[in-house]
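Just so we're on the same page: letters track the sequence lines, and every chain starts at 1.
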Amino acid sequence: MTGYDFKTIEPKWQAWWEEQGLHRTGTDPKRPKFYCLDFFPYPSGEGLSVGHCRNYIPTDLIARYKRMRGYNVLHPMGWDAFGEPSEAFAIKHGIHPRLATTRNTANYKRQLRLIGTSYDWSREIDSSDPEYYQWTQSFFLLLYHRGLAYRDTNWQWWCPQCQTTLSNQEVGDGVCWRGHNTITKKLLPAWFFRITAYADRLISDLDGIDWPERITTMQRNWVGRSEGVEFDMEVAGTNESIRVFTTRVDTVFGVSFVVLAPEHPLVDALTTPEHRAAVEAYRDAARLQTDIERASIEREQTGVFTGAYAINPVNGQRVPLYLADYVLMGYGTGAIMAVPAHDARDFGFATRYGLPIPVVIAPPEWDGQPLSEASTGDGVLVNCGEFSGLPSRDGLERIADWMEHRGIGRRQVHYKMRDWLISRQRFWGAPIPIVHCVRCGMVPVPEDELPVLLPDRYQPATTGRSPLADIPEFVQTTCPGCGGPAERETDTMGGFACSSWYFLRFTSPHEHARPFDPEAVAYWMPVDVYVGGAEHAVMHLLYARFWMKVMADAGLVPFSEPFAKLLNQGQLHAPSGQRMSKSRGNVITPDSVVEEYGADTLRLYELFMAPFDEDATWSEEGINGTSRFLNRVWALVMKNLDTQDADSPELIRRRHLLVKQVSEGVEECRFNTTISRFMEFVNYVNAPDGLDGVIGRSTAETVLILLAPFAPHLTEELWHALGHADSVHQQGWPDYDPALLVSAEMTLVLQVNGKVRGQLTVAADADEETIRRLALEHERVRPYLDGHGVKRVVVVPKKLVNIVV
RNA sequence: GCGAGGGUGGCGGAAUUGGCAGACGCGCUGGACUUAGGAUCCAGUGGGGUGACCCAUGGGGGUUCGACUCCCCCCUCUCGCACCA
């Protein structure tokens with residue numbers, strides 16, 4: 001393998017940059033700031049794959065580019081170091097999770113350096129460091145004191161493989177967010193953050209940020225705001241009533257039964273003795289079902305009659321009360337009014353159990369016959385008393401007004417989103433700073449007693465409770481309120497708490513007495529470009545936004561949206577097309593690629609293989625192209641170390657064009673086509689019947705400066721080979737002269753009836769009449785005109801001439 | 001089912017406001033240099049005829065002098081969400 005000696009030059013310049021402190025960042029109010037951030041990585045034991053690099057290479061390129069553009073750039077890196085895999089590893093090997101974490105972060109850092117990233121390592125942070133999690137605990141208290149953290153006993157999703165509880169948001173399709181599919185439910189006390197209190201702002205503030213539409217759409221859907229009417233239905237013969245929520249109050253006259261979720265708290269009280277056995281059997285069966293089964297839309301609706309009847313308050317009608325698992329306790333009020341004529345699920349249920357299906361919204365062209373399926377669209381109200389005859393949209397508002405006026409019901413908003421379950425029954429997380437006192441109850445740990453430190457001793461859990469519960473020296477404490485004996489909360493916080501504020505810590509990572517320096521936060525925040533995978537579209541990005549709004553409300557930060565611009569890189573698949581994973585044995589590491597091709601080739605290939613935001617597949621052969629290109633750049637510059645400046649006007653024009661293309665390409669994250677532009681330029685220069693690889697010094701320097709953010713080591717070596725003692729990365733970004741981009745001639749395409757027949761080269765300033773004349777006289781065009789009258793000649797400036805005959 | 005984004009050579013992918021389809025790269029073919037080549041360089045490379053012509057951007061219509069691009073219908077792939085009342 002011939003070519004430049006990347007094995008020598010890459011480590012050499014990495015060490016030099018470090019020594020020079022080239023990437024250190026300080027606050028500098030005189031310069032415009034630019035905060036370029038990666039998603040907070042969890043340092044797994046497997047280390048980085050080339051797939052992860054698809055995140056870190058583009059952000060590094062952007063950071064380097066912005067520095068050369070004169071920005072004061074903050075480009076930090078740190079570790080989301082708490083988490084289940086480190087704890088699992090610790091259990092397996094009987095060591096403290098700290099050891100696994102330290103080893104893993106060191107490996108990540110080594111790999112990130114290996115690929116030539118320009119992080120300011122003086123700002124490195126670690127969420128499992130007490131210096132850090134002290135403040136995570138402090139923000140827990142902030143939420144607690146603002147009424148946004150609370151403890152509740154509830155049925156929790158439980159993943160036996162992770163040995164931990166999961167929030168609703170971490171459970172999808174009956175599968176936990178790490179992919180385990182054996183989750184069940186457990187009744188446990190747990191801590192929650194009241195993110196639902198910010199539901200509306202989490203939706204409305206999306207309008208002010210520059211994020212991919214698919215992500216904002218997912219967040220809107222996740223919050224799932226829906227407006228409707230809530231009202232109570234009395235249960236006949238009892239003092240109880242059932243509260244229901246509907247978004248279609250226009251159909252309220254069509255209620256033919258009422259359905260409770262199996263978990264509804266009033267089930268026991270309402271069920272009549274003769275139905276009790278059936279109801280309990282149904283309820284037990286529903287609980288045992290997995291979410292997948294219960295959520296399947298293919299399935300028929302099932303249910304069981306309670307023996308009780310509810311009264312429809314709008315017309316006094318008595319309707320039967322059922323239990324059915326298609327109604328969820330977690331949404332709305334856990335009870336619905338069922339209108340089979342106008343809801344597909346209610347229709348299925350009514351059909352199965354022989355319940356009436358009265359039509360109250362006449363669909364357009366309805367013939368008065370019974371419906372064969374639910375009619376869920378608009379129509380005209382019928383059989384609705386005084387409201388009959390109204391269009392359903394109007395009817396909805398009028399009935400809602402009427403119910404509010406009469407005190408029957410009221411307008412209400414519900415959200416799909418649930419509060420954020422923060423408790424984990426795990427060791428390796430930030431302890432929740434609460435003390436349980438027999439006398440005082442739950443008492444928050446005072447700020448000045450933080451951090452609540454994790455014990456140095458680690459032992460695996462024996463009970464399914466947090467391992468901390470088995471460590472007496474951790475548990476036993478005194479009550480901050482009364483000084484009496486008390487026990488510490490043993491739940492720790494899930495990792496999403498740590499990642500909800502880390503970007504603030506980077507602005508001033510060495511503060512001891514406070515989480516961050518407010519001036520540094522004011523200077524650096526918000527993050528200007530935030531890059532990471534789309535898989536965090538909902539959880540992390542929603543939680544972090546929530547925390548910033550809370551902090552903004554508390555006056556701690558002067559903004560409420562932390563990430564001004566968000567970008568999602570595409571996934572990188574293994575050559576087989578599958579996802580890269582250790583279990584498939586198809587992981588390609590940056591280590592092996594750097595060993596064979598060097599870091600600059602790896603960087604360039606990852607940028608070149610596909611558009612930044614689209615999925616791509618690693619190709620063992622494809623990388624040869626970028627490797628060859630860099631070798632050509634090397635040879636080109638080395639060949640011209642002593643060439644005098646004698647660039648032709650055309651070369652100068654192309655150089656200016658390259659500056660324009662690269663500048664715009666980087667600004668718009670079109671890295672793959674930008675690299676093509678470099679290749680075209682080098683091909684032009686190397687053409688054997690053209691310049692044959694001879695360029696002047698200023699051209700060589702310009703190319704190196706432009707290429708520096710892409711291939712930082714190679715360009716630095718060549719920059720020094722040209723005799724410079726400073727760094728290529730400290731050069732200013734070149735400008736281009738738009739006047740020089742224009743060439744003296746232009747080539748137009750000649751078409752006859754829209755088909756290409758020839759080309760015409762004319763002076764760039766030729767007028768339309770001249771062009772028209774030359775086109776009609778053109779030897780390749782004339783044969784097509786013979787015997788036909790020219791109907792029309794379309795002249796498009798600088799593009800083409802189309803002759804219609 | 002709903003929402004979003006895609007379908008262009010053997011492959012990855014290019015094509016400002018509609019204006020030479022296939023830039024750039026991989027691979028492949030032939031050649032040069034070589035003891036050797038998985039190195040490097042040169043030439044070629046959508047398909048068909050193999051003349052100067054025709055056909056081609058998932059399929060079918062439409063608008064236009066001109067459509068990968070705009071409009072309508074259909075097929076298909078990927079990713080989200082999904083008994084949400």
Distance flag, aromatic centroids of A:Phe349 and A:Phe257, threshold under 6.0 Å: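 When the ring centroids of A:Phe257 and A:Phe349 are compared, they turn out to be within the sub-6.0 Å range.
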With A:Arg54 via salt bridge (Lys or Arg N to Asp or Glu O under 4.0 Å) - residues at least two apart: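 By the salt bridge (Lys or Arg N to Asp or Glu O under 4.0 Å) rule, A:Arg54 matches no residue at all.
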Check every strand shown and say whether [X] touches a base, only sugar-phosphate, or nothing at a heavy-atom separation below 4.0 Å.
X	result
A:Asn802	base
A:Thr246	sugar-phosphate
A:Glu614	nothing
A:Asp346	nothing
A:Arg628	sugar-phosphate
A:Lys755	sugar-phosphate
A:Gly224	nothing
A:Val804	sugar-phosphate

Check every atom of [options] against the side chain of [X] and return the nucleotide holding the closest atom.
X	options	result
A:Glu213	B:A85, B:G19, B:A4	B:A4
A:Pro688	B:C42, B:G27, B:C84	B:C42
A:Phe608	B:C65, B:G3, B:C24	B:C24
A:Ala610	B:G25, B:G13, B:A85	B:G13
A:Arg757	B:A4, B:A85, B:C53	B:C53
A:Glu621	B:C20, B:C26, B:A15	B:C26
A:Thr247	B:A14, B:A4, B:A85	B:A85
A:Val756	B:A85, B:G13, B:A21	B:A21
A:Ser676	B:G19, B:C84, B:C24	B:C24
A:Asn672	B:C24, B:A14, B:G19	B:A14

Cation over ring face, A:Arg654 and A:Tyr684, 6.0 Å, 45°: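 Yes, cation above the ring, under 6.0 Å and within 45°.
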Does a side-chain N or O of [X] approach OP1 or OP2 of [N] to a distance below 4.0 Å, or not?
X	N	answer
A:Thr673	B:G13	no
A:Arg670	B:G13	no
A:Arg220	B:C81	no
A:Arg792	B:C65	yes
A:Lys660	B:U16	no

Within this structure, what is the [atom1]-to-[atom2] distance between [X] and [N], rounded to whole angstrom?
X	N	atom1	atom2	answer
A:Lys416	B:A82	NZ	C1'	7 Å
A:Asp250	B:A85	CG	P	13 Å
A:Gln661	B:A23	CD	C1'	11 Å
A:Ile623	B:G25	CD1	C1'	13 Å
A:Phe671	B:G12	CZ	C1'	18 Å
A:Leu572	B:U78	CG	C1'	17 Å
A:Asp613	B:G13	CG	C1'	13 Å

Nearest-Å distance once atom C1' is located in both B:U57 and B:G7: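 That atom pair is separated by 9 Å.
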Interatomic distance at P, B:G10 relative to B:A23, whole Å: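 Per the computed distance, 14 Å lies between those P atoms.
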Residues, nucleotides or ligands: over 12 heavy atoms within 6.0 Å of A:Arg220 CZ: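 Enclosed: over 12 neighbouring heavy atoms sit under 6.0 Å from CZ of A:Arg220.
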A:Arg579 atom CZ: more than 12 heavy-atom contacts under 6.0 Å: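 Counting neighbours around CZ of A:Arg579, 12 or fewer heavy atoms of other residues, nucleotides or ligands fall under 6.0 Å, so no.
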Nearest heavy atoms of A:Gln571 and A:Asp615, plus distance in Å: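 Distance-wise, the nearest heavy atoms are N-OD1, 2.8 Å.
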Anti or syn - B:G7, cut at 90° from 0: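 B:G7: anti.
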Any A:Asn631 side-chain heavy atom under 4.5 Å of A:Phe6 side chain: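 A side-chain contact under 4.5 Å is absent here.
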